[in-house]
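Here the structure comes first, spelled out in structure tokens, and everything after it is commentary.
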Amino acid sequence: MKRLGEFEETALLLVGILGQEAYAFNLVKELKEEMGRSISVGAMHSTLNRLEKKGFLNSEVGGATAKRGGRRKRVYTITALGQEALILSRDFKLSLWKRYPPLTIDNLQWGN
């Protein structure tokens, strides 16, 4: 399986965190609040579409609401393949962090 890029990984994680509220506008808002990182809704849509084509996400178009000015929203969910990609990405990064000398368990306790 191909490794996730940093932004793809972040987008997948946010989809999992937001659950039924995982649509592009909310993902952009969450990214801004959590990381201070601003991106366009269009850039988020491109990333979500790419992840869906890779099989990491599914999406459904919800009904139009008055709150959204009659617009519909596409809500994303993580697939089993997406979950596997996140686990592999996490495990890979943890294995690297554990090998980084200044932060090895012998020199510094994790979480301190």
Side-chain angles (χ1 to χ4, degrees):
M1 179 182 297
K2 203 172 183 185
R3 292 204 201 286
L4 293 168
E6 178 188 355
F7 188 70
E8 289 178 329
E9 180 181 18
T10 301
L12 270 178
L13 285 168
L14 288 174
V15 167
I17 290 166
L18 293 176
Q20 288 300 306
E21 296 299 314
Y23 54 94
F25 180 81
N26 268 0
L27 292 165
V28 167
K29 181 180 165 196
E30 188 74 16
L31 193 66
K32 173 78 171 167
E33 289 173 4
E34 292 295 323
M35 298 179 71
R37 185 171 175 185
S38 294
I39 65 153
S40 70
V41 174
M44 180 60 77
H45 275 292
S46 294
T47 300
L48 295 169
N49 289 337
R50 186 171 59 253
L51 290 168
E52 191 168 20
K53 284 180 185 174
K54 290 179 178 182
F56 297 153
L57 293 175
N58 285 325
S59 68
E60 288 185 19
V61 177
T65 63
K67 180 180 178 183
R68 293 181 42 83
R71 295 186 316 260
R72 297 163 45 128
K73 62 184 172 187
R74 182 170 295 276
V75 178
Y76 293 86
T77 55
I78 299 176
T79 64
L81 189 61
Q83 292 280 6
E84 184 180 337
L86 283 173
I87 290 167
L88 288 172
S89 183
R90 179 202 62 201
D91 291 349
F92 172 71
K93 287 179 181 172
L94 284 175
S95 72
L96 291 177
W97 278 107
K98 288 177 183 176
R99 291 174 44 206
Y100 181 58
L103 296 177
T104 58
I105 304 265
D106 294 335
N107 297 327
L108 179 70
Q109 293 298 315
W110 285 88
N112 290 344

query: Could you give the distance from CZ (Phe56) to OG1 (Thr77), rounded to the nearest 0.5 Å?
result: 14.0 Å
- prompt: Does Val75 sit in a hydrophobic cluster with other residues, and if so which ones, taking ILVMFWY side chains as linked at heavy-atom separations under 4.5 Å, directly or through other members?
  reply: none
- prompt: Which of these passes side-chain contact (heavy atoms from CB on, under 4.5 Å) with Thr10: Leu31, Leu4, Leu27, Thr47?
  reply: Leu31
field: Gap between atom CG of Leu14 and atom CD of Glu21 - 0.5 Å precision
entry: 13.5 Å
task: Using a 4.5 Å cut-off on heavy atoms from C-beta on, say whether the side chain of Arg90 contacts that of Leu86.
output: no
- prompt: Excluding sequence neighbours, so at least two apart, what forms side chain to side chain contact (heavy atoms under 4.5 Å, CB included) with Ala24?
  reply: Val41, Met44, His45, Leu48
field: N/O donor-acceptor pair under 3.5 Å between Ser89 side chain and Ala85 backbone
entry: no
field: Arg50 vs Lys53 side-chain heavy atoms within contact, under 4.5 Å
entry: no
Inter-residue atom distance Leu96.CG - Asp91.CG, 0.5 Å rounding: 11.0 Å
field: Single-linkage hydrophobic cluster Leu51~Phe92, side-chain heavy atoms < 4.5 angstrom
entry: no
task: Look at the side chain of Thr79 and the backbone N and O of Gly55, then say whether any donor-acceptor pair between them is shorter than 3.5 Å.
output: yes
message: Just verifying a value: how many Å separate Glu9 CD and Leu88 CG, rounded to the nearest 0.5 Å?
response: 11.0 Å
query: Is there a side-chain contact between Leu57 and Ile78 (heavy atoms, below 4.5 Å)?
result: yes
query: Once you round to the nearest 0.5 Å, how far does NZ of Lys32 lie from CD1 of Ile39?
result: 11.5 Å
Side-chain heavy-atom pair Lys54, Glu8 within 4.5 angstrom cut-off: yes
- request: Check Tyr23 against Tyr76 and note the closest heavy-atom contact, atom names and distance.
  value: CA-CD1, 4.5 Å
message: Are there over 12 heavy-atom neighbours, none belonging to Lys93, within less than 6.0 Å of that residue's NZ?
response: yes
query: Is the CD atom of Glu60 crowded by more than 12 outside heavy atoms at less than 6.0 Å?
result: no
